[in-house]
Amino acid sequence: MSDALKNNLREARTLRGWTQADLAERVSVTRKTINTVENGVFVPSTVLALKLARALETTVEALFELP
Amino acid sequence: MPSLPTAAEIERLQRRRTRLTTMQAILFVFWQVNFFIIPHDFGADRAVDRVKLVAYFIWAALLLVFIVTGGNWWQPREVRAILNDETTTLHRHRAMGTGFLVGMIIALGCEAASLFMAVPERAAVHIVMTAGIGSALFVFAALERRAQAA
């Protein structure tokens, strides 16, 4: 998981007024997974990226991009 | 079907698992350090030695199964799936990798030491298992704590 990946997850989440726990509950993961993705510590799998995009009603490309 | 627990409940369960992992790692390693500090006849085959060995075996096996599966066995499958999400699985795999590496380094050390002194096989196995399982638990707990920090 060393490949860098820019993400706009925090912005997309706060835009909806959700906490990390809110988003975690919607995609059935722990809050720490949301936390580590937002901080760029953890690069999510394709499935999780798609789930995040669906929960936030956006596209994966809008959430994640290569630096 | 019972409803899934809230994020707060999941958070509580995973923090408890992290605390228990840390506590078990400390107890497991220091219990075995104690085992080596107190003069011990590794070749002895008394009933008390057998009981200690069986107790150690069960404890080590349970910790090994815990690190492989992620624990929380009494929770419903859906809850276990959330508690063992992608980051947790990654942390467990990293912990197991560290445990394997530490175990192999200690095994190499035992092999090297056996060239100069007698290393009882039971003691060697004990050291390798303690170091391997103990380090895996410590790494898992550390990674989980770091990830949980807001």
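Reminder, nothing fancy here: chain letters follow the sequence lines and each chain counts from 1.
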Next item on the list: Look at the side-chain heavy atoms of Ile, Leu, Val, Met, Phe, Trp and Tyr, link any pair under 4.5 Å apart, and say whether Leu48(A) and Leu90(B) land in one connected group.
Entry: yes

Checklist line | hydrophobic_cluster_shared for Leu9(A) and Val29(A), side chain cutoff 4.5 Å | finding: yes

For [Y], is there any backbone N or O sitting under 3.5 Å from a side-chain donor or acceptor partner on [X]?
X: Gln148(B); Y: Lys32(A); result: no
X: Glu86(B); Y: Ser45(A); result: yes
X: Asp85(B); Y: Thr33(A); result: no

Do other residues, nucleotides or ligands put more than 12 heavy atoms under 6.0 Å from [X] [atom1]?
X: Glu9(B); atom1: CD; value: yes
X: Glu11(A); atom1: CD; value: yes
X: Arg12(B); atom1: CZ; value: yes

Margin query: Is there a side-chain hydrogen bond (donor to acceptor under 3.5 Å, both in side chains) between Thr87(B) and Thr36(A)? Walk through the geometry before answering.
Written below: CA-CA 8 Å; Thr87(B) 44; Thr36(A) 50; 4.9 Å; no

Checklist line | Heavy-atom closest pair, residues Leu83(B) and Thr30(A) | finding: CA-CG2, 4.2 Å

Notebook entry, point to check: Where on Ala21(A) is there a heavy atom nearer than 4.5 Å to chain B: the side chain, the backbone, both, or neither?
Noted result: both

